[in-house]
Amino acid sequence: MTPTLGIISSGRGENLRYILLAERSGYLPGLVKIVLTDQPDAGALRIAREFGVPGLYLDPRGKPREEYDRELVAHLEAAGVEMVVLTGFMRILTPFFVRRYRDRILNIHPALLPSFRGMDAFGQALDHGVLWTGTTVHIVDEDVDHGPIIYQRPVPVKENDTHESLKARIQRAEYKAYPKAIKMFIEGKAKVVGRKIVFEKGAE
Ligand code: GAR
């Protein structure tokens, strides 16, 4: 069975590009049905067009958060989406959205959670002086950058790293990590048990 995916992004959409490349090469057993964004000029819309996937900008201005999320869900449902993949979506989903797609919303965060949740994970890692940081793919729950962890990939912090050089290294790791984590989640028939992900079929 090939699950249908809906991608939501606020940004450049580079993770989307690598997910679509993984899908088209046959690596990823999923089918991206729609790309939604809250930014009119999101790179994700251009990438969706490049790959021939429907892309839609939904304007959040002046709307209460839940009303906006209901709009997102309506478009996802109309496209037949079974699993939601967030790639740099900078809004916090309301409980309404999380309930609707419970345990079927994935997010990528540019740090080894639970370290450096929230904004500017790169700056937080540099300020803290850690020697390793990385990227985490996790299930989205009602709390920010908090749900059960599917996959993590460590990335070293180098002595002369700037914000930009660290960000670039972590983002390169993300392009491998996200397709791999989605594949593990789907093929491993992952279930959420408390804070943990349990794979019904050996996934690694
Ligand atoms: C990624 O680095 C992702 O980890 C980050 O936004 C970027 C999106 O890049 N997400 C967060 O910080 C969420 N807390 P992209 O638009 O090129 O995929």
Side-chain angles (χ1 to χ4, degrees), residues 5-24 28 30 32 34-51 53 55-58 60 65 69 72 83-94 97-98 101 105-128 130 132-157 161-183 185:
L5 311 182
I7 312 271
I8 315 185
S9 168
S10 300
R12 296 176 316 157
E14 283 306 303
N15 280 287
L16 167 65
R17 179 191 300 286
Y18 283 88
I19 289 167
L20 285 167
L21 285 170
E23 180 219 275
R24 299 291 153 97
L28 193 67
V32 178
I34 193 165
V35 173
L36 300 175
T37 178
D38 61 340
Q39 299 296 323
D41 51 359
L45 287 175
R46 185 175 39 76
I47 292 171
R49 251 194 324 275
E50 254 177 58
F51 282 80
V53 174
L56 197 62
Y57 160 58
L58 295 176
R65 286 177 55 220
D69 281 7
L72 289 173
M83 251 177 83
V84 179
V85 176
L86 307 181
T87 62
F89 187 50
M90 292 313 188
R91 296 170 62 88
I92 297 169
L93 295 176
T94 57
F97 192 118
V98 175
Y101 279 99
I105 311 167
L106 274 56
N107 182 46
I108 191 160
H109 182 73
L112 294 177
L113 292 174
S115 292
F116 313 136
R117 294 163 68 186
M119 298 300 283
D120 192 20
F122 318 105
Q124 291 189 58
L126 286 173
D127 288 348
H128 199 90
V130 291
W132 288 87
T133 179
T135 179
T136 302
V137 178
H138 66 97
I139 296 288
V140 173
D141 63 12
E142 281 83 355
D143 212 344
V144 177
D145 300 329
H146 174 267
I149 291 170
I150 299 168
Y151 180 67
Q152 292 186 302
R153 200 172 175 103
V155 170
V157 181
D161 259 336
T162 60
H163 192 276
E164 279 316 300
S165 65
L166 180 60
K167 181 173 174 179
R169 193 175 309 114
I170 292 177
Q171 290 187 330
R172 278 197 301 278
E174 290 190 323
Y175 306 147
K176 294 205 176 87
Y178 218 173
K180 180 176 173 131
I182 299 168
K183 183 179 171 75
F185 188 77

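Quantities reported herein were computed from a predicted structural model and do not represent experimental measurements. Along the sequence shown, residues carry numbers from 1. In listed order, ligands and their atoms are each counted from 1.
- Annotation: atom 3 (C) of ligand 1 to nearest protein heavy atom, Glu174 OE2, 3.5 Å.
- Of all atoms in ligand 1, listed by their number and element, those nearer than 4.0 Å to a heavy atom of Gln171 are 1 (C), 2 (O), 7 (C).
- Looking at Asp69, its side chain never comes within 3.5 Å of a backbone N or O of Leu93 through a donor-acceptor pair.
- For His128, the NE2 atom sits in a loose shell: 12 or fewer heavy atoms of surrounding residues, nucleotides or ligands are nearer than 6.0 Å.
- Here atom 13 (C) of ligand 1 lies nearest to Ile108 when heavy atoms of Leu113, Ile108, Asp120 are compared.
- Of the residues listed (Thr136, Val137, Ile139, Leu112), the one engaging Ile149 in a side chain to side chain contact (heavy atoms under 4.5 Å, CB included) is Thr136, and it is the only one.
- With hydrogens and angles disregarded, no donor-acceptor distance shorter than 3.5 Å links the side chain of Arg17 to the backbone of Ile47.
- Any N or O atom pair closer than 3.5 Å counts here, and Asn15 shares at least one such pair with ligand 1.
- Residue Arg12 places at least one N or O, backbone or side chain, under 3.5 Å from an N or O of ligand 1.
- In terms of protein heavy atoms, atom 16 (O) of ligand 1 is closest to Gly13 N, 2.8 Å.
- Counting only distance, with no hydrogens or angles, the side chain of Thr37 and the backbone of Ser9 share a donor-acceptor pair below 3.5 Å.
- Looking at Thr133, its side chain never comes within 3.5 Å of a backbone N or O of Ala125 through a donor-acceptor pair.
- Residues Val155 and Arg172 have side chains not in contact (no heavy-atom distance under 4.5 Å, counting atoms from C-beta outward).
- In the vicinity of Gly88, heavy-atom distances shorter than 4.0 Å reach the ligand 1 atoms 6 (O), 8 (C), 10 (N).
- The closest side-chain heavy-atom distance from Arg169 to Asp161 is below 4.5 Å.
- Applying the 4.0 Å criterion to heavy atoms of His109 picks out, from ligand 1, the atoms 14 (N).
- Remark: ligand 1 atoms within the under-4.0 Å shell around heavy atoms of Gly11 are 16 (O).
- Under 4.0 Å from ligand 1, the heavy atoms of Met90 that appear belong solely to its side chain.
- Considering backbone and side-chain N/O atoms, Thr87 never comes within less than 3.5 Å of an N/O atom of ligand 1.
- When heavy-atom distances to ligand 1 are checked against a 4.0 Å cut-off, Lys167 has no atom that comes that close, whether in backbone or side chain.
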